[in-house]
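First comes the structure, then the notes that go with it.
Protein chains get the first letters and strands the later ones, always in sequence-line order, with residue 1 at the start of each.
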Number of protein chains: 2
Amino acid sequence: MINHPPLPHDHGHTPQDLSCPPAQQLQEAADCFRLLGDASRLRLFCLLCQCEECVINLSALMGMSSPALSHHLRQLKSCGLVVSRREGKEVYYRAADTPQARLLHQTALQLAYAEDGT
Amino acid sequence: MINHPPLPHDHGHTPQDLSCPPAQQLQEAADCFRLLGDASRLRLFCLLCQCEECVINLSALMGMSSPALSHHLRQLKSCGLVVSRREGKEVYYRAADTPQARLLHQTALQLAYAEDGT
DNA sequence: ACAACAATTAAACATATGTTTAATTATTTG
DNA sequence: CAAATAATTAAACATATGTTTAATTGTTGT
């Protein structure tokens with residue numbers, strides 16, 4: 001709980017304690033949201049939640065160049081949303097098997113399909 | 001379900017049908033994520049999920065100028081995540097009472113506090 | 001009508017971001 | 001070892017974004 005300083009105006013309907021995640025955790029949550037805030041990357045993430053694929057096939061599926069895709073994959077990986085493994089010449093990517101990844105995937109689907117998610 | 005064209009490589013472990021929300025709905029979901037992809041805006045949204053406040057008080061709570069705040073509020077409003085009402089000289093903002101807003105708030109808290117959200 | 005306060009808008013600016021093109025690294029195969 | 005394929009990295013570019021400052025609009029009270 002965060003106890004905020006006195007406010008310029010007192011309208012009598014603001015709780016003295018407003019809970020808010022600490023700055024660092026808030027930033028990490030924001031980083032996850034930001035990654036999925038690009039339609040291409042969100043679609044990529046959704047694909048990677050359903051299959052494991054090499055970069056060339058992902059390029060074809062996404063209609064996007066390999067370098068562009070590599071860039072997005074690295075970002076998703078840096079936040080722990082996807083993982084990769086090399087097999088011969090190819091590197092396979094898939095969504096990470098973590099609570100965060102599952103949560104964000106479900107949230108994305110619920111947002112897109114407008115199902116009630118409460 | 002989306003039936004994708006043949007891929008450059010056949011590794012034998014990719015489903016022929018990969019479901020993905022239609023472009024427009026995907027874009028709307030991405031827009032919501034993008035809005036919460038900024039730490040300041042995410043914190044603002046969390047505050048507005050707990051109280052209704054005027055811009056000056058939100059400025060004080062956020063440690064941010066009124067114009068900067070107005071800018072963020074307009075974006076959150078344009079996506080339907082917050083609503084406003086004027087009362088005299090002041091305009092009060094609060095989180096929208098919609099499934100999307102509730103879903104995103106819960107997701108943000110779960111991400112930040114690292115609770116298992118599956 | 002005028003002054004004071006609240007909020008928004010507009011312009012300007014620096015920074016961040018997504019994509020392209022070209023170059024580089026890694027791995028397999030002839 | 002050289003050629004071919006897969007992936008990444010680097011440089012360059014245009015565009016988008018967050019914030020500041022200054023100007024404008026809206027509302028209340030004298």
Nucleotide by nucleotide, nucleotides 14-20 of chain C touches protein heavy atoms under 4.0 Å in the pattern (B base, S sugar-phosphate only, - none) ---SSBB
Cationic N near anionic O, under 4.0 Å, A:E52 to A:R85:
yes
Rounded at 0.5 Å granularity, tell me how far [atom1] in [X] sits from [atom2] in [Y].
| X | Y | atom1 | atom2 | value |
| --- | --- | --- | --- | --- |
| B:R34 | A:D38 | CZ | CG | 9.5 Å |
| B:L48 | B:R41 | CG | CZ | 12.5 Å |
| B:L42 | B:H72 | CG | NE2 | 12.0 Å |
| B:H105 | B:Q110 | NE2 | CD | 11.0 Å |
| B:C79 | B:D31 | SG | CG | 5.0 Å |

B:S66 side chain, from C-beta outward: closest of C:dT8, D:dT9, D:dA7:
C:dT8
Only one of B:C49, B:C46, B:C51 clears side-chain contact (heavy atoms from CB on, under 4.5 Å) with A:L18; which?
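Per the side-chain contact (heavy atoms from CB on, under 4.5 Å) rule, the option paired with A:L18 is B:C51, out of B:C49, B:C46, B:C51.
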Give the rounded distance in Å between these two atoms: [atom1] of [X] and [atom2] of [N].
| X | N | atom1 | atom2 | result |
| --- | --- | --- | --- | --- |
| B:R85 | C:dA7 | CZ | P | 12 Å |
| A:L7 | C:dA6 | CG | C1' | 16 Å |
| A:L73 | D:dT9 | CG | C1' | 14 Å |
| A:M62 | D:dA7 | CE | P | 15 Å |
| A:E90 | C:dT27 | CD | C1' | 10 Å |

Under 3.5 Å, N/O pairs linking protein and nucleotides 25-30 of chain D:
none

B:Y93 side chain N/O closer than 4.0 Å to the phosphate oxygens (OP1, OP2) of C:dT8?
yes
Verify same cluster id: A:F33, A:F45 (apolar side-chain graph, 4.5 Å)
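Yes, one cluster joins them.
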